[in-house]
Amino acid sequence: MFDPHDATVRRFAAACRRRDRAALEAVLGDDAVATCDGGGLVPAPAAPVRGAAAVARLVLEIVSGRAGAELTIESVNGRAGLALRHASRAVAVVGAETAGPRITTLWIVLDPAKLTSWHRG
């Protein structure tokens, strides 16, 4: 069965893998918001990042800018989201809220203490 949320997250993941800023902005809503949790251990914006262009830049820096990392689509809080791993260790998990074909909210967990259950192997 077609799930619009899943389709939107898949378009987002594809844009991340290509490091395609224009495609990222196209899948993000104009008023998209990204909130990061670095746990005080990983550099992350202290306040939510707002707007498609700013969120796209953040995603390119945090999620797409890691050489040798693998980005996969996985269930995050029961919905399609993203997991980023480097050498089988999770370095980011991204939950998304969507409205139709656009992502409205991203929750990006970077805190190593919160990612241990996402490690593989």
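The basis for the numbers below is simple: all heavy atoms, side chains too, and nothing from hydrogens, waters or symmetry mates. Quick caveat, the model's predicted, so the values are computed rather than measured.
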Practice task
Taking the side chain as every heavy atom from C-beta outward, state whether Leu106 and Val55 have any pair of such atoms under 4.5 Å apart.
Solution key: yes

Handout entry: Arg50 with Asp31: basic N within carboxylate O range, under 4.0 Å
Key = no

Handout entry: Common cluster, Val63/Leu60, ILVMFWY with side-chain heavy-atom separation under 4.5 Å
Key = yes

Completion exercise
Scanning both residues in full, the closest heavy-atom pair of Leu28 with Ala52 reads CD1-O, 3.6 Å

Practice task
Taking the side chain as every heavy atom from C-beta outward, state whether Leu82 and Val76 have any atom pair closer than 4.5 Å.
Solution key: no

Practice task
Give a yes or no on whether a salt bridge exists between Arg21 and Glu25, defined as a side-chain N under 4.0 angstrom from a carboxylate O.
Solution key: yes

Exercise for the section: Answer yes or no: are there more than 12 heavy-atom neighbours, outside Asp6 itself, under 6.0 Å from its atom CG? Expected result: yes

Handout entry: Any Val59 side-chain heavy atom under 4.5 Å of Phe12 side chain
Key = yes

Problem - His86 side chain vs Ala69 backbone, donor-acceptor pair below 3.5 Å - result: no

Exercise for the section: State whether the side chain of Thr105 and the backbone N or O of Thr98 hold a donor-acceptor pair below 3.5 Å, judged by distance alone. Expected result: no

Exercise for the section: Mark yes when over 12 heavy atoms from residues, nucleotides or ligands other than Arg89 sit less than 6.0 Å from its CZ; otherwise mark no. Expected result: no

Completion exercise
What one should report as the nearest heavy-atom pair of Ala32 and Ile103 is CB-O, 3.7 Å

Practice task
Taking atom CH2 of Trp118 as the centre, report whether more than 12 heavy atoms of other residues, nucleotides or ligands fall under 6.0 Å from it.
Solution key: yes

Problem - Single-linkage hydrophobic cluster, 4.5 Å side-chain cutoff, Val93 and Ile62 together - result: no

Problem - Minimum heavy-atom distance Cys36-Ala44, with the two atoms named - result: CB-CB, 3.8 Å

Problem - Same apolar cluster: Leu24 and Leu71, side chain cutoff 4.5 Å - result: yes

Practice task
Heavy atoms only: give me the nearest Ala80-Ile73 pair and the separation to one decimal.
Solution key: CB-CG2, 4.3 Å

Exercise for the section: Determine whether Val27 and Leu84 fall in the same hydrophobic cluster, where Ile, Leu, Val, Met, Phe, Trp and Tyr are linked whenever their side-chain heavy atoms lie under 4.5 Å apart. Expected result: yes

Handout entry: Closest contact, heavy atoms only, Leu110 versus Pro43
Key = CD1-O, 4.1 Å

Practice task
Output yes when Glu74 and Arg120 qualify as a salt bridge under the 4.0 Å nitrogen-oxygen rule, no when they do not.
Solution key: yes

Fill in the blank from the handout: Shortest non-hydrogen pair, Leu58 vs Ala34, comes out as CD2-CB, 3.8 Å

Exercise for the section: To the nearest 0.5 angstrom, please state how far the OG1 atom of Thr72 sits from the CZ atom of Arg85. Expected result: 4.5 Å

